[in-house]
Undergrad: 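This is the structure I have questions about; it appears just below.
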Amino acid sequence: MEPLQSLRGTVDLLPAQTPFWQRVEAVARDQFRRAGIAEIRTPLLEVTELFARGIGEATDVVGKEMYTFLDRGERSCTLRPEGTASVVRAVIQHGLLAQGPQRLWYGGPMFRYERPQAGRQRQFHQIGLEFLGFADPRSDAEAIAIAWDLLAELGLGGLALELNSLGSSDDRLRYRGELVQWLEGHRQQLDPDSQQRLSTNPLRILDSKNPHTQALLAGAPTLAAALAPESRERFERVQQALSRLEIPFVINPRLVRGLDYYSHTAFEITSSQLGAQATVCGGGRYDGLVGQLGGPATPAVGWALGMERLVLLAQAASDPAAFQAALPDLYVISRGSEAEALALPLARRARALGLAVELDLTAAAFGKQFKRADRCGARWAAVIGEAEASEGVVVLKDLRDPQGVDLRLSPEALLARLLA
RNA sequence: GCGGGCGUCGCCAAGAGGUUAAGGCAGUGGCUUGUGGCGCCACUAUUCGGGGGUUCGAGUCCCCUCGCUCGCCCCA
C-alpha cells in the first residue's frame, strides 16, 4: 500500500514548528487587544461571486489561482484566497456598521493555486486587520503603525516600509488612460509580459522586474502627477502622521497593489531576508469595496501579514530558547502494575495543581524511563517502583542535581513540596 | 502556466559504472550504574522516489514519470 502524502503546496506544521507559530500568534493577539481591535472569524468557504466582485475578475488571484468547485447543491464555492472580502461581506450581512466604525482582525488559512516556492504555499496563513468606517488619514497611519509595532515586537530587523498613493478611483482611471496611451507608443520596447498586461492590468507594468521596462518607465507619466489635489493632500497627511509616529518609510511610486479594491494609500513592508517573496505585510485603503459588495458607502483601510514569511523571519531572528515549549516540572516514572496504578492518579493530581507533568506510560526498564526524563528537560522525577508502591511512597529526585539526596515522600508531601 | 537544481534508512549524510550501499542522530535489546544523564556491545536500507533503457555489470549514464526545492509570473 502506497503511503499518502499531503497535497502539493500544503504542509504539516510539526511539533518542532508550532511553538514559533504560537509565539507569533500570541504577539499579534496581544497587539490587537491593546489597540482595541476585535477578532472576527468568517468561513473558509464562500460563494465564488464574493471574490469575483470583491477582488476583481481581471486579477490573477481570481482569474487563475482560486480553488473553485461546485458543491452538491450545484453552488459555485471558493476556498477564500484572502480575508478582506469575507470580512466585508460579514460586516455588511450583520449590519455591524450600524453600530459605528469597526476595528477588526482575523487570521487563518487562505488558498491560492500557485506554484510553491520559498515563503509561498497553496494553503498559506494570514493575519489581517481591517478598519471599516474610517476616512481620516490618521487611520491609515494607525493601521500601519500596528503592523509595524507587531513586527518590532517580534524582534524582526531588516524591514522597510514602502508607501504609495493610488489616488481615488477617478485618479486611477485617468492615470490608467494616460499610461496606456503612452505605453502604446512604446509597445515594441516592452517585455512580453508587460505587453500582455497592457490590456489586462496596465498599472502592474509599473512594478515589472524587467530592467529594460523599468528604464523605459523613467520617461512615462507618473501616478503621482495624476493625483487630484485632494488626493495629494491626503497622501501628505498620511506621511505626516507616520513621521510623527517616527515610523520610517520610503515612497515607492511604482508600488501598485494587485487587487482591484485598493485606492489612495497602498503600502508594503518588505524584508531583505526573505528571498524573492519579500513582502511580509501588504495593505492599503479600499474605500470602494463595501459599496461594491452591496453595503453602505464606507471608507476602509487594512492589511494582511503572511504568517509563513513572518515565522520564517521570527525563527531566524530570535534566540531559539525563547521559542521553546515550556519544560515539564515533573516526570513520573513507574514500573510494576501496583506502581503504574499509583502513577496515573499522581500525575493527574499534580496537573490539577497547575504543574506540567509528563507521565511515562511505556513500562520500560527504569533506565529507559530515566533517560527520557532527562531528555525531556523535566525538573523533577517522581519514581514509583514495587517497593515504593507497597509502602505507599514516592521517590522524588532532583534531575538537575546528580549528587542530590532522594526523598521518600507520601504523594501529598511530594506535591506540597513541589508547589512550595 | 514557464525555467533551474535536487531525490540514498524516521532525520542528517558518504558513495563521481564493478565483488559485501560508510558514518552520525534517533530507535530497540543488552552490559555498566547507588533505579538516570556518560561509556561500551549488538540489532536496525537485499536497496538507493517510481518505471523503462544503455551496459558483461548502474544508486552512479540516458529517457519518461512523480515529488521536493529555488526563480519567473503573481502575491502576504
Side-chain angles (χ1 to χ4, degrees), chain A residues 2-9 11 14 16 55 58-66 81-84 107 109-129 147 151 191-194 196-197 200-201 204-205 207-210 255-259 262 267-271 274-284 302-313 331 333-336 339 360 362 364-378 380-388 395 397-406:
Chain A
E2 276 294 297
L4 300 174
Q5 284 191 316
S6 59
L7 280 169
R8 173 147 224 219
V11 297
L14 302 178
I55 301 172
T59 62
D60 279 31
V61 169
V62 173
K64 52 188 203 193
E65 295 176 359
M66 295 204 302
E82 57 103 54
T84 301
M110 308 292 164
F111 304 84
R112 264 129 82 164
Y113 194 88
E114 300 179 273
R115 189 84 175 256
Q117 69 186 72
R120 196 172 73 187
Q121 303 292 334
R122 288 181 176 178
Q123 177 181 329
F124 62 106
H125 299 77
Q126 291 187 331
I127 286 183
L129 168 141
L151 296 167
D191 61 274
D193 275 336
S194 294
Q196 184 69 36
R197 279 179 291 197
T200 56
N201 203 345
R204 289 226 62 92
I205 297 173
D207 65 359
S208 164
K209 283 181 187 164
N210 186 295
L255 175 64
V256 179
R257 310 252 66 226
L259 311 185
Y262 287 108
F267 74 93
E268 277 182 14
I269 299 174
T270 57
S271 166
L274 274 178
Q277 310 303 317
T279 304
V280 189
C281 178
W303 49 251
L305 281 163
M307 280 293 285
E308 279 75 6
R309 297 175 189 180
L310 204 49
V311 168
L312 234 44
L313 292 173
Y331 193 93
I333 292 172
S334 61
R335 188 146 165 83
D360 197 307
T362 60
F366 274 125
K368 292 287 173 195
Q369 296 196 49
F370 270 107
K371 193 171 268 186
R372 278 193 284 270
D374 283 317
R375 286 205 181 153
C376 82
W380 304 94
V383 188
I384 313 177
E386 309 224 345
E388 288 81 9
V395 171
K397 268 184 179 295
D398 185 341
L399 291 171
R400 308 271 167 83
D401 179 10
Q403 266 76 49
V405 184
D406 299 345

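Chain identifiers are assigned alphabetically (A, B, ...) following the order of the sequence lines, protein sequences preceding nucleic acid strands; residue numbering begins at 1 within each chain. Please read all numbers here as calculations on a predicted model, not as lab measurements.
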Undergrad: With a cut-off of less than 4.0 Å, is there a side-chain N or O of R115(A) near OP1 or OP2 of U69(B)?
TA: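 No, because none of the side-chain N or O atoms of R115(A) sits under 4.0 Å from OP1 or OP2 of U69(B).
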Undergrad: Classify the nucleic acid contact of A118(A) as base, sugar-phosphate or nothing, counting any heavy atom under 4.0 Å across all strands shown.
TA: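 Contact class for A118(A): sugar-phosphate only.
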Undergrad: State which of C73(B), U35(B), C75(B) makes the closest approach to the side chain of K397(A).
TA: U35(B)
Undergrad: Rounded to the nearest 0.5 Å, how far does OG1 of T84(A) lie from CH2 of W303(A)?
TA: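 With rounding to 0.5 Å, CH2 (W303(A)) is 11.0 Å from OG1 (T84(A)).
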Undergrad: Is any side-chain heavy atom of E82(A) closer than 4.5 Å to a side-chain heavy atom of V61(A)?
TA: no
Undergrad: Expressed in angstrom and rounded to an integer, what is the separation of D191(A) atom CG from C73(B) atom P?
TA: 9 Å
Undergrad: What is the separation between atom NZ on K64(A) and atom P on G1(B), rounded to the nearest whole Å?
TA: 11 Å
Undergrad: With centres under 5.5 Å and planes under 30° as the test, does F370(A) stack with G37(B)?
TA: no
Undergrad: In whole angstrom, give me the gap between the P atoms of C9(B) and U54(B).
TA: 28 Å
Undergrad: For the residue pair V383(A) and E388(A), establish whether any side-chain heavy-atom pair is separated by less than 4.5 Å.
TA: no
Undergrad: With respect to the phosphate group of G71(B), does any side-chain polar atom (N or O) of Q117(A) fall under 4.0 Å of OP1 or OP2?
TA: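 Looking at the OP1 and OP2 atoms of G71(B), one of them is under 4.0 Å from a side-chain N or O of Q117(A).
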Undergrad: Using whole Å, what does the distance between atom C1' of nucleotide C75(B) and atom CD1 of I55(A) come to?
TA: 11 Å
Undergrad: Base, sugar-phosphate, or nothing: which does V280(A) touch, judged by heavy atoms less than 4.0 Å apart?
TA: sugar-phosphate
Undergrad: For C68(B), which nucleotide in any strand shown is its Watson-Crick or wobble partner with both distances under 3.5 Å?
TA: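 Looking at the geometry, C68(B) pairs with G5(B).
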Undergrad: What's G282(A) touching, base or sugar-phosphate or nothing? Going by heavy atoms closer than 4.0 Å.
TA: sugar-phosphate
Undergrad: Do the side chain of R8(A) and the base of C66(B) come within less than 3.5 angstrom through a donor-acceptor pair of N or O atoms?
TA: no
Undergrad: Look only at the side chain of Q369(A) and the backbone of S334(A), and say whether a donor-acceptor pair between them is shorter than 3.5 Å.
TA: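 Confirmed, Q369(A) side chain pairs with S334(A) backbone.
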Undergrad: So what does G119(A) hit on the nucleic acid, given a heavy-atom distance under 4.0 Å: a base, only sugar-phosphate, or nothing?
TA: base
Undergrad: Restricting to nitrogen or oxygen on both sides, can you table the protein-nucleotides 26-28 of chain B pairs closer than 3.5 Å?
TA:
unit_1: A26(B); atom_1: OP1; unit_2: R375(A); atom_2: NH2; d: 3.4
unit_1: G27(B); atom_1: OP1; unit_2: R375(A); atom_2: NH1; d: 3.3
unit_1: G27(B); atom_1: OP2; unit_2: R375(A); atom_2: NH1; d: 3.0

Undergrad: Mind checking whether K64(A) and R112(A) have side chains closer than 4.5 Å, heavy atoms only?
TA: no
Undergrad: Over how many whole Å does the gap from E388(A) atom CD to G34(B) atom C1' extend?
TA: 13 Å
Undergrad: Look at all strands and tell whether E386(A) reaches a base, only sugar-phosphate, or nothing, counting heavy atoms closer than 4.0 Å.
TA: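 Answer is nothing: E386(A) stays at 4.0 Å or more from every strand.
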Undergrad: With heavy-atom distances below 4.5 Å as the criterion, would you say the side chains of D398(A) and W380(A) are in contact?
TA: yes
Undergrad: Considering only the P atoms, how many Å lie between U69(B) and G57(B), rounded to the nearest integer?
TA: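 Between the two P atoms, the distance is 37 Å.
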Undergrad: So if I take every side-chain heavy atom of F366(A) and compare against G1(B), U35(B), A76(B), which nucleotide ends up nearest?
TA: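 Out of G1(B), U35(B), A76(B), the nucleotide with an atom closest to F366(A)'s side chain is U35(B).
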Undergrad: Does a distance-only test, which skips hydrogens and angles, find a donor-acceptor pair under 3.5 Å between the side chain of R120(A) and the base of C73(B)?
TA: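 Present.
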Undergrad: Go nucleotide by nucleotide along RNA chain B from the 5' end; which of D374(A) and Y262(A) gets its closest nucleotide reached first?
TA: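 Taking each residue's closest nucleotide, the earlier one in sequence belongs to D374(A).
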Undergrad: Using the P atom in both, what is the distance from A16(B) to G10(B), to the nearest Å?
TA: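 Roughly 23 Å separates the two P atoms.
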Undergrad: For nucleotides C48(B) and G52(B), find the distance between their P atoms and express it as a whole number of Å.
TA: 12 Å
Undergrad: Taking atom C1' in both C38(B) and U33(B), compute the distance separating them and give it to the nearest angstrom.
TA: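 After rounding to an integer number of Å, I get 10 Å for this pair.
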Undergrad: Base, sugar-phosphate alone, or nothing: which one does E82(A) contact when heavy atoms must sit under 4.0 Å apart?
TA: nothing
Undergrad: Heavy-atom nearest nucleotide on RNA chain B for S6(A) versus E308(A): which residue maps closer to 5'?
TA: S6(A)
Undergrad: With a 3.5 Å limit on both atom pairs, tell me what G27(B) is paired to, counting Watson-Crick and G-U wobble, or say none.
TA: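 Pair assignment: G27(B) / C43(B).
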Undergrad: Using atom C1' in both nucleotides, what's the gap between U47(B) and A22(B) to the nearest angstrom?
TA: 15 Å
Undergrad: Would you say G36(B) has OP1 or OP2 under 4.0 Å from some side-chain N or O of Q369(A)?
TA: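 Looking at the OP1 and OP2 atoms of G36(B), neither is under 4.0 Å from any side-chain N or O of Q369(A).
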Undergrad: What is the distance, to the nearest angstrom, from the NE2 atom on H125(A) to the C1' atom on C75(B)?
TA: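 The distance from NE2 of H125(A) to C1' of C75(B) comes to 16 Å, rounded to the nearest Å.
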Undergrad: Rounding to a whole Å, what distance do you find between I333(A):CD1 and G36(B):P?
TA: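 It works out to 10 Å between those atoms.
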Undergrad: Within the structure provided, determine whether R122(A) and L7(A) are in side-chain contact (heavy-atom separation under 4.5 Å).
TA: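 Not in contact.
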Undergrad: Calculate the interatomic distance between E114(A) atom CD and C70(B) atom P; express it in whole Å.
TA: 14 Å
Undergrad: Quick one: look up who A14(B) pairs with, Watson-Crick or G-U, both distances under 3.5 Å, and put none if it's unpaired.
TA: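 The base-pairing partner of A14(B), which may sit in any strand shown, does not exist here.
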Undergrad: Determine the Euclidean distance between corresponding C1' atoms of U19(B) and U35(B); express it in Å to zero decimal places.
TA: 49 Å
Undergrad: Could you tell me how far apart E65(A) (CD) and C72(B) (C1') are, to the nearest whole angstrom?
TA: 13 Å
Undergrad: Nearest to the D60(A) side chain among A76(B), C2(B), C73(B), which nucleotide is it?
TA: C73(B)
Undergrad: Listed by chain and number, what are the ring-ring contact (aromatic ring centres under 6.0 Å, His included) partners of Y113(A), not counting sequence neighbours?
TA: Y67(A)
Undergrad: So which of L151(A), L305(A), T279(A) actually passes side-chain contact (heavy atoms from CB on, under 4.5 Å) with I269(A)?
TA: L151(A)
Undergrad: On a whole-Å scale, what distance lies between the P atoms belonging to C68(B) and A45(B)?
TA: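 Taking atom P in both C68(B) and A45(B), they lie 28 Å apart.
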Undergrad: Going by purine N1 to pyrimidine N3 plus the second Watson-Crick contact, or the G-U wobble pair, all under 3.5 Å, which nucleotide sits opposite G36(B)?
TA: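 The answer is none; no pair meets the criterion.
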Undergrad: Do K397(A) and I333(A) come close enough that some side-chain heavy atom pair is under 4.5 Å?
TA: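 No, too far: nothing below the 4.5 Å cut-off.
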Undergrad: From G67(B), A76(B), G36(B), pick the nucleotide closest to the side chain of Q5(A)?
TA: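 When the side chain of Q5(A) is considered, G67(B) is the closest of G67(B), A76(B), G36(B).
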Undergrad: Identify, with sequence neighbours excluded, every residue that meets side-chain hydrogen bond (donor to acceptor under 3.5 Å, both in side chains) alongside E308(A).
TA: H125(A)
